[in-house]
Structures are given as structure tokens and as C-alpha cells.
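Please find one structure pasted underneath; my questions will follow.
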Number of protein chains: 2
Amino acid sequence: MTSTINADAPRWLTEPEQRAWRAYLRGSRLLEVSLDRALAPHGTQLSEYEVISMLSEAPGGRLRMSALADLVVQSRSRITHTAARLEKRGWVVREACLDDRRGVELVLTDAGRTAVGDIAQCHVTSVRDSMIDLLAPEEFLGLGKAMQKIRDALAEDGQATDAHTI
Amino acid sequence: MTSTINADAPRWLTEPEQRAWRAYLRGSRLLEVSLDRALAPHGTQLSEYEVISMLSEAPGGRLRMSALADLVVQSRSRITHTAARLEKRGWVVREACLDDRRGVELVLTDAGRTAVGDIAQCHVTSVRDSMIDLLAPEEFLGLGKAMQKIRDALAEDGQATDAHTI
DNA sequence: TGTTGCTGGTTAATATTTCAACTATTGAGA
DNA sequence: TCTCAATAGTTGAAATATTAACCAGCAACA
């Protein structure tokens, strides 16, 4: 009888799974809050800092908007707005792409590079205080390895962060 | 000479630490997107679902706003807005606290309980697909244990999600 | 009792994010 | 060459989140 009803019964979480999932959910939220709060005195958010940080590591301090969007997991629209804020702050400038005239590159300014340098110090300290130093070294690396798997699995398709696809 | 300058040199991340941290950052963002997307067809966000889910487990399907805020890691202000949306949807109602007349309890309605039941199925499936089933069982439980430590450490002080304290 | 400071929650204004068009360009193929 | 679908990025409006007041009730205490 039941077979006609629940053709696809969900596998509910076991007690330990439930605990682990809840711990992740709360922990990740608290961590985000904590890191954001540490950056606040610098007038930045984590999501903004991620952008200039990626730029600072890229050759020439420049990256295309779409590459940036994928790197920091922001929608195309969001990265446009984020870039606008950073530009207003004088940390980046937009430049047209030479090869692809649809494209736009975001370029870190000198002021932007200085800002990254200043903020990085505060940021790395907060990452240690709020996460790394709370864990045993292998524990943290194991967490990283697990998240790497998740990242790889979800990055494949999830590219379409905007409503573009579908 | 240098000693006068960097009184407190930051411990930069090692290569493996950097990789792990980046994996966490990207992975957690992608996961959030993925889970949210799974709930979208039900007209809900993860942050809203968390609220009604907590209510459904609480005795009497009711919790005080402040307790709820701490549970789901939302600021006082944010939980007020979230509750307003859920109320408009008919899933919860506000009720005055009997003992403490400042207080407000959020109560799950019958419709709300039905909604939780419907959505839970879709949610647990997406949690498995986007996270649990991507990892070895011990890997996931290990991740949970690590996040539990982070949660415990950050929950202590971080209570003040609003600008109330300090 | 009156005062003071704290907690619980809301509100209005602002900032950020998402959503749904929209333009311009590229690239593949007829 | 022309057409058409797909990609890159932007824009404006709507939804959501944060910030900084704010009010009411509690609690301690003179």
C-alpha cells in the first residue's frame, strides 16, 4: 500500500547527523558574523574584502568581472554593485577588455593595494581567533578537505549564480 | 630595529592553512546558495525555514523572540522582520508573554506546521545532496565536531547580535 | 515610592542583495 | 554575409538586512 504513496521517501537525518548539521549551520553563521565584525572598523565587509584580496593576488592586480564573480561566489549583478562600492572608495577602477569588448576588468589601484595590506593583518588574526586556533591542526585541515569536496561538487553546475541559465 | 615596529606581527596562514580556509569560504557560500535554491520553489529562504523548524521542535510550537534570535543567529531586528514575513504568510502568530510583559512569543500555526512538514522533506534531501552524501560518514561527523567547537567558542560572547552591548 | 540602568522588542532610515529586464558583443552555423 | 543563440555586464526596482534610535517593562536599590 505505502509503495504507491511514498515513491521516494526521504532519508531523514540520524541523531548524530542532525547534531553535526546543526553545528555546521550555527557555527558557520556565527563565524561569518565574527569575521565581518572584525572588518567593520576598516569600513569593509568580508564579501568586499574577498574581492580586493583576489585582485591583489591576480597578475597585474586585475581580473574580469565574471572570473571574480565565480571566485568569490557572488552573482553577476551583485559583483557589479560590489565593484561600484569599491570604486567609489577609490580601491579599484574598471577597465575595458581589449580582446573581448563585452568584458570589463576590475583593476586594483595603489590605494586599493595599500588597503588590502592594512586589512589583511586584521583579517588573518580574526580568522585564527574565530576558527583556526579553536581547532586541532589536523582537525582544521580535515575540515578544509571536506569543504573542498563540497566546493568541487557544487561549483560545477552552480556557476549560474544569476538567473541566467534555465 | 624591527622590534619597535611590529609589536604584534600576525601569524600569516601556511600554504595548507590557506587552502583549507579558502575551501571553507567558497564551499560554505556555494552550500548556502544550493540550499536556498532548493527551498525557493516553496517560497521560503533557509533563514526563514530555520525559524519555523525551531518552532516546530519547541514545546507548544512556541518560542520567545530573543530565544529564537539566538538559536538561528539572527539579530533582534532581523528576527522581527523575518517573523513579520512568516506572519503575513500565515505560518506563525505573535502572542504576548504572560510572565514578562515586554516579551513576545512566536507561535507556529497549523498551517505553519503543515508547511514545515512539506518543506522538511525537500530540505533534508538537499542537505544530503549538497553536503552529507558528498562526504565519507566520519568526515561529515568530524566536520560537525569541529564546527561545534567553533559554535561554542563564538556563541559565548557573540550573543549581542544587535548593537545592544557596547 | 522614585530613580536608574538593563532587557525585549519594534521602528524608520539606510545599505545591501536579489530579481527581472535590457544592451552590446561574440560565436556558431545556414 | 546573415541570423540566432549564448555570454558579459549593467541597470532600476523590489526584497531583505543592518543601523541607530526608540518605548515599555523589569529589577535593583536608595
Side-chain angles (χ1 to χ4, degrees), chain A residues 29 32-33 35-37 39-41 43-51 62-89 92-107 159-166, chain B residues 29 32-33 36-37 39-41 43-51 62-89 92-107 158-166:
Chain A
R29 295 273 158 83
E32 178 96 16
V33 170
L35 297 175
D36 249 326
R37 204 173 279 182
L39 291 175
T44 330
Q45 297 175 309
L46 181 53
S47 57
E48 292 170 344
Y49 175 73
E50 283 182 76
V51 171
R62 60 174 59 225
L63 280 171
R64 283 190 65 156
M65 296 294 279
S66 52
L68 214 34
D70 291 343
L71 272 175
V72 303
V73 192
Q74 294 191 14
S75 71
R76 303 301 174 97
S77 177
R78 184 178 176 182
I79 200 78
T80 296
H81 290 300
T82 305
R85 286 198 300 276
L86 295 172
E87 199 170 19
K88 188 148 52 181
R89 224 169 283 169
V92 304
V93 292
R94 271 171 233 260
E95 279 187 21
C97 252
L98 298 172
D99 46 326
D100 183 346
R101 291 198 304 178
R102 293 169 300 181
V104 170
E105 282 184 334
L106 209 59
V107 189
Q159 295 301 38
T161 318
D162 244 7
H164 281 309
T165 42
I166 293 182
Chain B
R29 294 271 158 82
E32 178 96 17
V33 169
D36 249 326
R37 205 174 276 180
L39 291 176
T44 331
Q45 298 175 309
L46 181 55
S47 57
E48 292 169 345
Y49 175 73
E50 284 182 75
V51 170
R62 61 174 58 227
L63 279 171
R64 284 190 64 155
M65 297 293 278
S66 52
L68 214 34
D70 291 343
L71 272 175
V72 303
V73 191
Q74 294 190 13
S75 70
R76 303 299 172 100
S77 176
R78 186 177 175 184
I79 200 76
T80 295
H81 290 302
T82 305
R85 287 198 299 277
L86 294 172
E87 197 170 22
K88 189 149 52 183
R89 224 170 283 169
V92 304
V93 292
R94 269 169 233 261
E95 279 186 22
C97 252
L98 298 174
D99 46 327
D100 183 346
R101 291 197 305 176
R102 292 169 302 179
V104 171
E105 281 185 333
L106 210 59
V107 189
Q159 295 302 37
T161 316
D162 242 9
H164 278 311
T165 40
I166 291 187

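Numbers restart at 1 for each chain; the letters A, B, ... are given by sequence-line order, proteins then strands.
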Handout entry: salt bridge (Lys or Arg N to Asp or Glu O under 4.0 Å) partners for E32(B), two or more places apart
Key =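 Scan of E32(B) (salt bridge (Lys or Arg N to Asp or Glu O under 4.0 Å), adjacent residues dropped) gives R29(A).
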Problem - T80(B) side chain near dT10(C) phosphate (N/O to OP1/OP2, under 4.0 Å) - result: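 Indeed, a polar side-chain atom of T80(B) lies that close.
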Handout entry: By side-chain contact (heavy atoms from CB on, under 4.5 Å) - contacts of R102(A) (at least two apart)
Key =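 D100(A).
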Practice task
Please identify each residue that fulfils side chain to side chain donor-acceptor pair (under 3.5 Å) with T44(A), with sequence neighbours left out.
Solution key: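 With sequence neighbours excluded, T44(A) shows a side chain to side chain donor-acceptor pair (under 3.5 Å) to no residue whatsoever.
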Exercise for the section: Please confirm whether any donor atom in the side chain of S77(B) sits under 3.5 Å from an acceptor in the base of dT10(C), or the reverse. Expected result: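 It does not, because no donor-acceptor pair links the side chain of S77(B) to the base of dT10(C) below 3.5 Å.
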Problem - Phosphate contact (dG8(C) OP1 or OP2) by R94(B) side-chain N/O below 4.0 Å - result: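 No, because none of the side-chain N or O atoms of R94(B) sits under 4.0 Å from OP1 or OP2 of dG8(C).
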Exercise for the section: Report yes if the side chains of R94(B) and L106(B) come closer than 4.5 Å at any heavy-atom pair, otherwise no. Expected result: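 Yes - at least one pair of side-chain heavy atoms lies under 4.5 Å apart.
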Exercise for the section: Classify the side chain of H81(A) and the base of dT11(D) as holding, or not holding, a donor-acceptor pair under 3.5 Å. Expected result: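 Checked by distance alone, the answer is no.
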Exercise for the section: May I ask you to evaluate whether R76(B) reaches the phosphate of dA17(D), defined as a side-chain N or O under 4.0 Å from OP1 or OP2? Expected result: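 No, outside the criterion.
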Mind listing the N/O atom pairs, protein and nucleotides 26-29 of chain C, below 3.5 Å?
unit_1  : atom_1 : unit_2  : atom_2 : d
dT26(C) : OP1    : R101(A) : N      : 3.3

Handout entry: Set of side chain to side chain donor-acceptor pair (under 3.5 Å) partners for R101(B), sequence neighbours left out
Key =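 R101(B): no side chain to side chain donor-acceptor pair (under 3.5 Å) contacts found.
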Handout entry: Contacts of V72(A) that satisfy side-chain contact (heavy atoms from CB on, under 4.5 Å) - sequence neighbours left out
Key =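 Residues passing side-chain contact (heavy atoms from CB on, under 4.5 Å) with V72(A): E50(A), V51(A), M54(A), Q74(A), I79(A).
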